[in-house]
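Each remark here refers to the structure printed beneath this line.
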There are 2 protein chains.
Amino acid sequence: MSEAKTDLRVLRTRKLIMDSFINLSGQKEFRDITVKDITEEAMINRATFYYHFEDIHDLLEKALSEVLLINLSADQFDGRTLDEQSITDMFLAITEFQQSLSNRCHRGYEETIARIIREQLETVIFQLLANGQEEKDFKEQGLKILSNMLAWGLYGASDQWKKYHFDEKPEGYIQSVIPYLVKLVKE
Amino acid sequence: MSEAKTDLRVLRTRKLIMDSFINLSGQKEFRDITVKDITEEAMINRATFYYHFEDIHDLLEKALSEVLLINLSADQFDGRTLDEQSITDMFLAITEFQQSLSNRCHRGYEETIARIIREQLETVIFQLLANGQEEKDFKEQGLKILSNMLAWGLYGASDQWKKYHFDEKPEGYIQSVIPYLVKLVKE
DNA sequence: TTAAATGTGTCGGATATACAACAGATTCAA
DNA sequence: TTGAATCTGTTGTATATCCGACACATTTAA
């Protein structure tokens, strides 16, 4: 409802911090990136960093979430529903995201990254499911459970692909997984 | 003497403005770039622009000067003198700079660009000449006149090259000009 | 082990920047 | 031509950010 435009300085500073972090993560592992590194690259004061983020782990969560969400929402959000096409698009977004990160390997953060991916997936999937619902028989509780399961399943598929089918094209691999995911949706 | 470090915000804002301007000038002609364009791209308030620059023409001068100076000083400054090699390097810096601009043609600004190039050249050449001087027989007056003439001459050469010898390699063309320039230095 | 160096997180006071509003200039279509 | 729209500079007030300093943790080297 109330829009409450946020101060341009805030938007700019957050962007500078996020961009710097993403940029640095292409050169170093997460564990080696310090707050000082980021603020120097972003040309902002260290104190300002703490005005916007609790600590560097908080930034990591938010930055990765945002990057992944941009990968996803560029296609999905506007009124589409959960079907073979949208599942494929999401799968590609995940694998691209994974690859953009694992150019550098980020030891010790595998679980964190996995959780972020699932969380973002769940958000998007829930939206897709809601778009496919009639107004009347809208069951939020059920959709939450379902989108949670689908998110785990889809992430799991990307994990399998990375481990055992890295040589295949992801577009092809996901086709063989889709039937099982669809089975969850149809009843 | 007194160093008086400048506020990080100032450095950052100037950089954002300059970068945005350079970036925009790759998409539009100078005449079509508004202050609003720049401040939106830079994510700063329009009033802040006027805190740092008199107007857009002031920015143009300073931005181009800086870009060109970076092209030049990366090589020259540290203790070199004016010789065939440094003349060649300067000539290449000019032609590269010209080409980076004339991807878009900037009608109505040819004279301004020419003047900026000569001014920056003069600064660098003066430094090179001073480096080659003995402490004792240091004649500032004479060096100023000489560096001014050399700057005009070198710019003129780049202009001739652009008009009539654009197909030749600039490294080659400048070789045939160097003798005349050197004649001014030797006595 | 110790000590020096570097990083973290927080504070109060100074200031560059955002915002909103303004009058005047310029552009542009009707 | 006229008027609507956009751009240019400028101003006063609110605030996000800077700076310097601090105590405490962590890393590094001797």
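Throughout, protein chains are lettered first and strands after them, A, B, ... in sequence-line order, and every chain is numbered starting at 1.
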* **Where protein sits on nucleotides 14-26 of chain C, one letter per nucleotide: B base, S sugar-phosphate only, - none, heavy atoms under 4.0 Å** => -BBBSB-------

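- Of the inter-residue distances, the one linking A/L129 atom CG with A/L146 atom CG reads 5.0 Å to the nearest 0.5 angstrom.
- With hydrogens and angles left out, the side-chain atoms of A/T34 and A/D37 include a donor and acceptor closer than 3.5 Å.
- Whole-Å rounding puts the A/D58 CG to C/dT8 C1' distance at 15 Å.
- With no hydrogens or angles considered, a side-chain donor-acceptor pair links B/S86 and B/D83 at under 3.5 Å.
- Aromatic ring orientation, B/F30 versus B/H106: parallel (interplanar angle below 30°, classes split at 30° and 60°).
- Regarding A/L16, its CG atom lies at a distance of 10 Å from the P atom of D/dT17, rounded to whole Å.
- Residue A/Y50 places none of its side-chain N or O atoms closer than 4.0 Å to OP1 or OP2 of C/dT10.
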Would you tabulate the nitrogen or oxygen pairs shorter than 3.5 Å linking the protein to nucleotides 24-26 of chain D?
none

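- Using modelled atom types, no side-chain atom of B/E41 and backbone atom of B/L24 make a donor-acceptor pair closer than 3.5 Å.
- One can place CG of B/D55 at 10 Å from P of D/dT8, the figure rounded to the nearest angstrom.
- Smallest separation of non-hydrogen atoms from B/Q98 and B/S158: NE2-OG, 4.1 Å.
- In summary, B/R115 and B/E61 engage in a salt bridge, as defined by a charged side-chain N under 4.0 Å from a carboxylate O.
- In this structure, B/D32 atom CG and D/dT6 atom P are separated by 17 Å, rounded to whole Å.
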* What do the steps show when you test B/Q120 against B/V124 for side chain to side chain contact (heavy atoms under 4.5 Å, CB included), and what is the final call? -> CA-CA 6 Å; B/Q120 295 305 316; B/V124 174; 5.6 Å; no

